[in-house]
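Since the structure is predicted, the reported quantities are computational estimates derived from the model, not experimental observations.
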Amino acid sequence: MSPDPPSNDTRTLADIERKIDEKFRDSYDTPVWSKHPIEILVYLIAVVFFAYHMWYAYSFAMPRSQHGIVHLAFVLGMWGIVQMLGADRASLRGKVETVGYGLYAVVSVVPLYVIGSNYDTIVLAAGVYDEIYIYLGMLVIALVFIALFHVSRLITGIALIGLVYSYFGPLMPGLLQHRGLTPRRIITMNTVEMEGLFGTLLQISATWVVIFLILAGLMEKYGGMATFIKGMTRIAARHKHIEIGQVAVAASMFMGSINGSTAANTATTGAFTIPLMKENGYRAKTAAAIEAVASCGGQVLPPIMGAGAFLMAELIDLNYSEIVVGATAPAILFFLTVAVAISLTTQSSVSTTITADTDTRSAGLRAFSILKHFEYIGMFAVLLWWLIGIGADPMVAGFYAIATLIGLRLVRVVGEIVTNEGTDAAANLKLFSRQTLEGLRRGAEATLDITILLASLGIVIRALIVTGFAQQLSSYLVVISGGVVIVMVMLAMLAAIAFGMGMSTTAAYMIVAVLVAPSLTQIGVDEFSAHLFVFYFAIVSNITPPIALSVIIGQGIAGSQFWDTAIEALKLGFPMFLLPFAFLYNSALLYPSAMTPAVFGLVFVGFIAISVALTGNVSDRVSLPTRLAFLALGVGTVFMPMISAQLLLAVITVGLLSHFASFSASPVARAAGMLR
């Protein structure tokens, strides 16, 4: 396929904002009560689902494992009803499916209700369980697998392998061999022991993940996502240093952080951002690569990190707020470096300009226009205060953030009714209620697949731990590395990429956290660095050929060739490959100190040099020897063992950039302008 020609169009800001509104605008012409009874039931369950989780977030009235069982009952029951809604009820097959899913929704609640109601009895049994609970546990596992088969065939296969491996251990070769577990033991260790299916992963989904997904659902339906993207687009239109591709990266990272899956985010956000970039002069392969890389970047963006931050807080000694603070500098480095790489990559192919009216307002009026979105500002302020300032449990922070968002949104609606004569008060309040209801449904439905995936992965993790395979693999990696740190780190990188291919963020991280991270800690890498290292590489597998799932989805939307897009994604996304090594080598990136700003600046300069080497551009094409020189300078600036040597190389790098570019017009200058 031939490359897209550069575009010389001029597009207006109003055109782009209109497209954003079309993408995110929902039609509420059909009243809820006139919808199909099954859909009305979905709304009712979503409201009860919301009320229950808000009550639990406020009271913590039961143990987390018991709450997880209640949450799973909600999820499986609602999943069955949502499947009923999607069946083609006009055909015979659809009618059979509707009945089957309806039975599933009812049956799935029964064993979980019995186990949850008898939670204390089961826990006190301490290994001596009544047969009824064994059969109920077996039924729950079967019900989860039915839902999982519809959600992810890949994870279904992995979970089945976990069960098969647990039983057939004595027949396995070499490192895989173990004594084998009885069917009864496999069932109990995954259910009534409150581990495996009912273990940590389900509990995280039932607490930290669900509350943030509900918050994200409300934000989306209130218009928060559209407001954020339009705001970034206005900045790009009115500031020559910022391009539409960088706006797409910011928007996709923001939404991808909440989404929890690079592939899903590429498909959903990319359906809007990729055509937008192409219309603004970006080549198809570049637009697809930018979206794939940005979707990966969203998974490392605090405070949610695609739910990875919640999982990490449960697995290591650091608390959630310390993880968020530590992961912030690498995430900012990633965004800034990708922004530079986009400027360097697109300078010769993107000539489309966005026109906007000159903003003649005073600084005070511009600030006031931002404060008009007070419900989102207030929500984020409350969220960060509870998460970082107080260090509260993320579910508590989410509870107060949701309450703040709904309350301030209602204040906005009432304020508009009071201050605007002729406003239809009933219509405004009705719209507010409908948006809230749709947000609750959106959040509840977003929870379904993630909960099913995490609960199923609990089975896999439990099998790996109980059989001893996880511990043996970690020790084996240390042995074959010979204790040499760089060899061990490279092995860990390759293993994390391999285990992460084709998986969601949470699934990929849990696998590598159990199988790979311990091998790094055994050779002296601190726990946080080890886990963040494998977390990054589990995510980067989404842009690493030959699988590169996000690239496949992006190039499908853009209409580009796979390998062309994959190579472009690797050039743009190289920070994802180097950042883990950078923060292993420069601990100040993860642990804030007086040295952090200096280290941050040095790494950023080094990454700019590497970006120049990969793209071959400054203000114009540079020769191969020059690119190799920039590559050497960049790597040296990041990894030289002495800070004085790093500073010297950074000065040389800046000098060379100044020599090769007119600093007022080059992409590097535009990137520098972003920092001002």
Side-chain angles (χ1 to χ4, degrees), residues 24 26-59 67-87 98 101-102 104-106 108-109 112-113 116 143 147 150-151 202 205-225 258-260 264 268 307 379 395 398-407 409-410 429-455:
F24 290 97
D26 292 309
S27 174
Y28 301 128
D29 295 335
T30 305
V32 172
W33 59 82
S34 66
K35 292 178 178 286
H36 192 279
I38 296 175
E39 190 162 7
I40 294 174
L41 182 58
V42 171
Y43 281 112
L44 290 174
I45 294 175
V47 172
V48 177
F49 183 87
F50 165 74
Y52 167 74
H53 285 88
M54 289 292 281
W55 167 78
Y56 183 77
Y58 180 77
S59 65
H67 163 64
I69 294 169
V70 177
H71 173 78
L72 185 60
F74 266 114
V75 165
L76 295 183
M78 188 173 183
W79 180 86
I81 294 169
V82 169
Q83 296 302 308
M84 288 174 65
L85 189 61
T98 301
Y101 287 128
Y104 177 94
V106 174
S108 63
V109 173
L112 290 165
Y113 173 78
L143 290 166
H150 289 76
V151 173
L202 175 62
S205 173
T207 51
W208 300 348
V209 173
V210 65
I211 207 75
F212 279 90
L213 289 177
I214 292 172
L215 178 62
L218 288 168
M219 275 190 63
E220 179 181 332
K221 297 304 177 181
Y222 285 158
M225 301 297 186
I258 300 170
N259 186 289
T268 53
M379 180 272 292
M395 195 174 195
F399 168 85
Y400 285 108
I402 289 172
T404 300
L405 178 60
I406 295 175
R409 185 70 177 186
L410 182 58
L429 290 171
K430 183 179 177 181
L431 178 61
F432 165 74
S433 300
R434 182 64 182 274
Q435 288 175 331
T436 303
L437 183 62
E438 295 291 344
L440 299 183
R441 176 180 173 179
R442 179 75 178 88
E445 290 185 349
T447 307
L448 303 183
D449 287 1
I450 291 179
T451 296
I452 292 165
L453 285 171
L454 286 176

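Note that CZ of F432 and CD1 of I406 are 6.5 Å apart. Values are rounded to the nearest 0.5 Å. Atom CZ of residue F399 and atom CH2 of residue W55 lie 12.5 Å apart, to the nearest 0.5 angstrom. For the atom pair I81 CD1 and L41 CG, the distance stands at 4.0 Å (nearest 0.5 Å). The line from CG of L448 to CG of L213 is 10.0 Å long, rounded to the nearest 0.5 Å. Separating the CG atom in L410 from the CG atom in L405 is a distance of 11.0 Å, to the nearest 0.5 Å. To the nearest 0.5 Å, atom CD of residue E39 and atom CG of residue L85 are 5.0 Å apart.
Counting only distance, with no hydrogens or angles, the side chain of S34 and the backbone of T30 share no donor-acceptor pair below 3.5 Å. Y104 contributes a side-chain N or O that, together with a main-chain N or O of L143, makes up a donor-acceptor pair within less than 3.5 Å. Without hydrogens or angle criteria, R409 side chain to Y222 main chain gives a donor-acceptor distance under 3.5 Å. Between the side chain of H67 and the main chain of A206, a donor-acceptor pair closer than 3.5 Å is present.
H53 has its side chain within reach of H71: a pair of non-hydrogen atoms, C-beta onward, lies under 4.5 Å apart. Under the 4.5 Å side-chain criterion, counting only non-hydrogen atoms from C-beta, V42 is not in contact with M84. Counting heavy atoms from C-beta on, the side chains of Y28 and Q435 come closer than 4.5 Å. Inter-residue side-chain proximity for M54 and I211 is flagged as met; some heavy-atom pair is nearer than 4.5 Å. Residues T447 and F74 form no side-chain contact, since every pair of their non-hydrogen atoms from C-beta on lies 4.5 Å or further apart. Between T436 and K221 the shortest side-chain heavy-atom distance does not fall below 4.5 Å. For the pair F50 and I402, the minimum side-chain heavy-atom distance is below 4.5 Å.
Y52 and Y56 have parallel rings, their planes meeting at less than 30° on a 0 to 90° scale where 60° marks the start of perpendicular.
Nearest heavy atom pair, residue L215 against residue A401, reads CD2-CB, 4.0 Å. Counting all heavy atoms, side chain and backbone alike, M78 lies closest to A46 at CE-CB, 4.2 Å. When all heavy atoms of T207 and V210 are compared, the pair lying nearest together is O-CG1, 3.4 Å. Pairing each heavy atom of G217 with each of R442, the nearest pair is CA-CG, 3.9 Å. The minimum heavy-atom distance linking A455 with L202 is given by the pair CB-CD1, 4.3 Å. In terms of heavy atoms, L112 sits closest to S108 at CD1-O, 3.4 Å.
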_side-chain contact (heavy atoms from CB on, under 4.5 Å), that's the test. Do I214 and L440 meet it? Break it down for me._
CA-CA 6 Å; I214 292 172; L440 299 183; 4.2 Å; yes
